[in-house]
Amino acid sequence: MEISSPHKGGCMCGAIRYEAKGEPRIVVNCHCSSCRRHTGAPVVTLVIFVEEQIKFTKGERKLYESSPGVRRAFCGDCGTSLTWEARSKRFPDTNIIDLHISTFDRPEAFNPTQHDFYEERIPWFDVVDTLPRFVGDRELPLCHGPEA
Ligand SMILES: [Zn+2]
Ligand SMILES: [Zn+2]
């Protein structure tokens, strides 16, 4: 089944709702320790859009500045982690909003294509797939999937 835009989502209690128009620039699994803290999960999958593609249609998200210029949004009522928002090195031309994939109504609409901050992963997190691994934003040339 074709899943069409806009992609809709929101927090657990429904106070915050958003719509994402069009398709994301990229979808990544992020293993960085900041994403882990923000979500409480061992790894998060981020669906990366240009700021203009995202409209918050209900409620007011709370923003926490996790490092200079980087803001992370969450719902002030239920605590659901929603976004990572900043100007990133990967797409320096625009502000981007990464939406946490599990806040979408249809998370199955997106497929991650790489592992970011692979070097920061929890050591027991055995990533058994063939997606490329990135140290920060630099691809590891000899590390595509599990060792043979
Ligand atoms: Zn909520
Ligand atoms: Zn991260």
Side-chain angles (χ1 to χ4, degrees), residues 7-146:
H7 302 284
K8 296 179 182 176
C11 67
M12 186 179 246
C13 76
I16 314 281
R17 295 287 299 168
Y18 63 76
E19 292 183 11
K21 262 217 176 81
E23 297 310 311
R25 287 212 167 172
I26 191 172
V27 182
V28 306
N29 294 316
C30 189
H31 295 265
C32 87
S33 61
S34 296
C35 282
R36 290 210 305 267
R37 287 249 190 228
H38 183 57
T39 60
V43 60
V44 302
T45 303
L46 301 170
V47 187
I48 301 177
F49 289 93
V50 172
E51 187 178 55
E52 289 74 26
Q53 291 178 277
I54 307 297
K55 198 163 86 183
F56 286 88
T57 52
K58 187 180 172 213
E60 196 81 37
R61 70 198 188 283
K62 295 231 173 181
L63 288 157
Y64 170 71
E65 189 166 41
S66 58
S67 53
V70 174
R71 299 185 305 167
R72 293 169 183 270
F74 60 97
C75 172
D77 292 329
C78 71
T80 299
S81 308
L82 292 164
T83 71
W84 182 97
E85 304 180 28
R87 189 160 287 244
S88 88
K89 270 190 282 178
R90 186 175 281 149
F91 305 113
D93 54 312
T94 182
N95 289 325
I96 60 166
I97 296 184
D98 301 3
L99 288 158
H100 290 217
I101 198 167
S102 298
T103 64
F104 280 94
D105 298 341
R106 307 288 306 275
E108 65 273 26
F110 308 105
N111 290 298
T113 55
Q114 67 189 55
H115 293 276
D116 280 2
F117 293 94
Y118 186 66
E119 76 282 14
E120 289 188 27
R121 75 193 182 283
I122 298 176
W124 52 251
F125 206 101
D126 189 13
V127 180
V128 184
D129 63 32
T130 55
L131 298 180
R133 282 88 163 110
F134 282 68
V135 168
D137 54 10
R138 189 168 42 82
E139 186 173 355
L140 291 174
L142 297 173
C143 189
H144 287 234

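In this structure, the side chain of T83 does not engage the main chain of I97 through any donor-acceptor pair within 3.5 Å.
Across every non-hydrogen atom of F49 and G22, the tightest pair is CE2-O, 3.8 Å. Among all heavy-atom pairs drawn from G59 and I16, the shortest one is C-CD1, 4.0 Å. Residues C13 and C78 share a closest heavy-atom pair of N-SG, 3.5 Å. Shortest non-hydrogen contact noted between G69 and A86 is O-CB, 3.4 Å.
Note that the CZ atom of R106 and the CD1 atom of I101 stand 12.5 Å from one another [nearest 0.5 Å]. The structure places CG of L82 at 9.5 Å from CZ of F74, a figure rounded to the nearest 0.5 Å. Note that CG of L46 and CG of N29 are 8.5 Å apart. Values are rounded to the nearest 0.5 Å. With rounding to the nearest 0.5 Å, the separation of SG in C32 from NE2 in H38 is 10.5 Å. The distance from atom CZ of R90 to atom CD1 of I26, rounded to the nearest 0.5 Å, is 5.0 Å. Distance check: D116 CG to I48 CD1 gives 6.5 Å after rounding to the nearest 0.5 Å.
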Show your working on side-chain contact (heavy atoms from CB on, under 4.5 Å) between R133 and V127 and close with a plain yes or no. CA-CA 10 Å; R133 282 88 163 110; V127 180; 3.5 Å; yes

Residue pair E85, R61: steps toward the salt bridge (charged side-chain N to carboxylate O under 4.0 Å, His left out) verdict: CA-CA 12 Å; E85 304 180 28; R61 70 198 188 283; 2.9 Å; yes

Given the rule in the side-chain contact (heavy atoms from CB on, under 4.5 Å) test, do S34 and S67 qualify, once you have shown the distances and angles that lead to the verdict? CA-CA 9 Å; S34 296; S67 53; over 6 Å; no

Please report the C-alpha distance between I54 and L99 in whole Å, then the side-chain angles of each, then the deciding distance to 0.1 Å, and finally whether the side-chain contact (heavy atoms from CB on, under 4.5 Å) criterion is met. CA-CA 9 Å; I54 307 297; L99 288 158; 3.5 Å; yes

For the pair R17 and D105, evaluate salt bridge (charged side-chain N to carboxylate O under 4.0 Å, His left out) and give the outcome as yes or no after the intermediate values. CA-CA 10 Å; R17 295 287 299 168; D105 298 341; 2.7 Å; yes

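In this structure, V135 and E120 have side chains that are not in contact, with every pair of non-hydrogen atoms separated by 4.5 Å or more. A heavy-atom distance below 4.5 Å is found between the side chains of I122 and R36. Looking only at side-chain heavy atoms (C-beta outward), E119 and H31 stay at 4.5 Å or farther from each other. Looking at F134 and L140, their side chains never come closer than 4.5 Å, going by heavy atoms from C-beta outward. When side chains are defined from C-beta on, F125 does not count as touching P123, because their heavy atoms never get closer than 4.5 Å. Proximity of N111 to V27: side-chain heavy atoms (C-beta onward) are nowhere separated by under 4.5 Å. Between C35 and F117 there is no side-chain heavy-atom pair separated by less than 4.5 Å. Looking only at side-chain heavy atoms (C-beta outward), T94 and E52 come within less than 4.5 Å of each other.
Both tests pass for R121 against the ring of Y118: distance under 6.0 Å to the centre and angle within 45° of the axis. Figure legend: cation-pi geometry between R25 and F91, with NZ or CZ positioned under 6.0 Å from the six-membered ring centre and within 45° of its axis.
Counted by atom type alone, Y18 and T103 present one or more donor-acceptor pairs between their side chains at under 3.5 Å. Side-chain contact check for H115 and D129: at least one donor-acceptor pair (N or O, by modelled atom type) lies under 3.5 Å.
Taking the six-membered ring for Trp and the full ring otherwise, the centers of H7 and F110 sit less than 6.0 Å from each other.
Other residues, nucleotides and ligands place no more than 12 heavy atoms under 6.0 Å from the CD atom of E60. No more than 12 heavy-atom neighbours from other residues, nucleotides or ligands sit within 6.0 angstrom of CZ on R71.
For the side chain to side chain contact (heavy atoms under 4.5 Å, CB included) test with R87, the passing option among D93, N95, I96 is N95; the others fail.
In summary, D98 and R72 do not engage in a salt bridge, as defined by a charged side-chain N under 4.0 Å from a carboxylate O.
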